Number of protein chains: 2
Amino acid sequence: MQLTCNLEIQMAESILDSLRAGGKKLTKPRKAILAILEQSSLPITVAEIADQLKKARAAVDLVTVYRNVAMLQELKLVNPVGLHEGQMRYEFRHGREHHHHIQCRGCGQIVDLMLCPLKKLTELIEEQTKFVIEGHALEFFGWCPQCQ
Amino acid sequence: MQLTCNLEIQMAESILDSLRAGGKKLTKPRKAILAILEQSSLPITVAEIADQLKKARAAVDLVTVYRNVAMLQELKLVNPVGLHEGQMRYEFRHGREHHHHIQCRGCGQIVDLMLCPLKKLTELIEEQTKFVIEGHALEFFGWCPQCQ
DNA sequence: TGATAAATGCAACTCACTTGCAACTTGGAA
DNA sequence: TTCCAAGTTGCAAGTGAGTTGCATTTATCA
Ligand SMILES: [Mn+2]
Ligand SMILES: [Mn+2]
Ligand SMILES: [Zn+2]
Ligand SMILES: [Zn+2]
């Protein structure tokens, strides 16, 4: 499996620009991590990234994945997704609208919810609390069709 | 400070009933933990509960606080509040409406938001995803007036 | 090609939370 | 009131996500 060879072609230029602007290098491990994140349609954990890299014979140390995910978060290239599972998940921002998720309490399946009902409410809360709101986390939990 | 003496008077009967119904005993440590949770107007961590008990000279082992909080969650007497701080918070349900929170990114201050905009959206999502929704988590993050 | 700044891997660490177990309460039955 | 089983506690040890220090390696650019 070729993780690195056609990466320059697939990886969006805006992502590479952000990395260059931040003085980041495009190392082999970093390219492999970026490739996994870009392929993943749902938020993924650090351990899952490392597992996939191992299976693809491009093994990268867990610490390196942690450090890269933290860096990508600082550059706002990935969003953290906290589903209270005991570990964080991350998803690429590039080309995706702000959205939320629903997770099955039975099997853990995650589904994207491509919507956000909170724009007006955010303004109301800013007015009433005098906070300046920077973001929010909204997750739904329930039972998927198979687990009901 | 008297944590235990007038506890029976203050503690809502519905809570004691739930405990009895679950075959739970009213031990001294448990009463002290319940008292702290009932006094706290904002969601509190396990470590904070233990600290307050120590200061009140009613020290209880951390493990005991963890076990009691887990038990109270099973009986649905407390709600978990996850603000992605690295630890969970818990708040008593008794006498409080379903609501949400906003936390300052600077000082960590938490403010109750006594509202929920998600009833209609929940139905819409159930219709579209065929999930049965059991709950949701909604938190806002931003900067409080002092930290702006 | 060589300098240098950034990135990696490994080992050791931190910290929230859990588990096993012997000793101790509690609350009800005798 | 006494006794006992079930439930609870504290301590010690363990788990697992995430972090940190440091020597070595790698990408980038002059
Ligand atoms: Mn998503
Ligand atoms: Mn609250
Ligand atoms: Zn949103
Ligand atoms: Zn709500």
Side-chain angles (χ1 to χ4, degrees), chain A residues 3-4 7-8 11 16-36 43-51 53-54 57-75 77-78 80-90 108, chain B residues 3-4 7-8 11 16-36 43-51 53-54 57-75 77-78 80-90 108:
Chain A
L3 280 179
T4 50
L7 214 157
E8 299 265 348
M11 188 67 53
L16 302 179
D17 284 348
S18 296
L19 291 173
R20 278 186 219 111
K24 308 300 178 185
K25 292 182 182 175
L26 269 179
T27 62
K28 225 189 299 183
R30 177 162 297 163
K31 284 181 196 168
I33 292 166
L34 287 169
I36 295 289
I44 191 174
T45 68
V46 164
E48 285 167 355
I49 294 173
D51 282 352
L53 289 173
K54 199 177 235 171
R57 291 182 198 166
V60 169
D61 195 277
L62 247 196
V63 180
T64 301
V65 183
Y66 273 111
R67 286 197 270 232
N68 271 275
V69 163
M71 179 272 281
L72 293 169
Q73 234 182 308
E74 271 155 33
L75 295 187
L77 293 175
V78 301
V81 178
L83 297 174
H84 308 156
E85 302 166 289
Q87 82 253 167
M88 279 285 148
R89 293 180 176 275
Y90 302 90
Chain B
L3 279 179
T4 50
L7 214 156
E8 299 266 349
M11 187 68 54
L16 302 180
D17 284 348
S18 296
L19 291 174
R20 276 187 221 112
K24 309 300 178 187
K25 290 182 180 175
L26 270 178
T27 62
K28 224 190 297 184
R30 176 162 296 163
K31 285 181 196 168
I33 292 166
L34 287 169
I36 295 289
I44 192 175
T45 67
V46 163
E48 286 168 354
I49 294 172
D51 283 352
L53 289 173
K54 199 176 233 170
R57 290 181 199 167
V60 170
D61 195 277
L62 248 197
V63 180
T64 300
V65 183
Y66 273 110
R67 286 197 269 231
N68 271 277
V69 163
M71 179 271 283
L72 292 169
Q73 234 182 308
E74 270 154 32
L75 295 187
L77 292 176
V78 300
V81 178
L83 297 174
H84 307 157
E85 301 166 289
Q87 81 254 168
M88 279 285 148
R89 293 181 177 274
Y90 302 90

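Each chain gets a letter, A, B and so on, in the order the sequences are listed, and its residues count up from 1. Just so we're clear, the structure is a prediction, and the values are computed from it rather than from any experiment.
You'll find that the side chain of A/V63 is closest to D/dT19, out of D/dT19, C/dT18, D/dG18.
A/H84 NE2 to B/H84 NE2: the interatomic distance, rounded to the nearest 0.5 Å, is 4.0 Å. Annotation: the span from B/I36 atom CD1 to B/N68 atom CG amounts to 12.5 Å, rounded to 0.5 Å. Taken to the nearest 0.5 Å, the OG atom of B/S18 stands 4.5 Å off from the CG atom of B/L77.
Atom CG of A/D61 and atom P of C/dA11 are 9 Å apart (whole Å). The distance between atom CG of A/L16 and atom P of D/dA27, rounded to the nearest whole Å, is 15 Å. Between the CG atom of B/L62 and the C1' atom of D/dA12 there is a distance of 14 Å, given to the nearest Å. One atom, CD1 of A/I49, and another, P of D/dA17, lie 14 Å apart when rounded to the nearest Å. Look at NZ on A/K31: it is 12 Å from P on C/dT8, rounded to the nearest Å. Between the P atom of C/dC15 and the CD atom of A/Q87 lies a distance of 21 Å, rounded to the nearest Å. As rounded to whole Å, 17 Å separates atom P of D/dG18 from atom CE of A/M71. Straight-line distance from the NZ atom of B/K28 to the P atom of D/dG10: 11 Å, rounded to whole Å.
Nucleic acid contact class of B/V46 (heavy atoms, under 4.0 Å, all strands): none.
Donor-acceptor pairing under 3.5 Å, judged by distance alone, is present between the side chain of A/R67 and the base of C/dG9. Below the 3.5 angstrom threshold, one finds a donor paired with an acceptor across the side chain of A/K25 and the base of D/dT26.
Remark: B/T64 is in phosphate contact with D/dG10, judged by side-chain N or O atoms under 4.0 Å from OP1 or OP2. A close approach under 4.0 Å does occur between a side-chain nitrogen or oxygen of B/T27 and OP1 or OP2 of D/dT9. Dashed line: the shortest gap from a side-chain N or O of B/R30 to OP1 or OP2 of D/dT8 is under 4.0 Å. At the phosphate of C/dT18, neither OP1 nor OP2 sits under 4.0 Å from any side-chain N or O atom of B/Y66.
At least one side-chain heavy atom of A/L83 sits under 4.5 Å from a side-chain heavy atom of A/R89.
Remark: B/D51 does not engage B/K54 in a salt bridge, criterion side-chain N to carboxylate O under 4.0 Å.
Annotation: of the two residues near DNA chain C, B/M88 and A/K24, the 5′-most nearest-nucleotide partner is A/K24.
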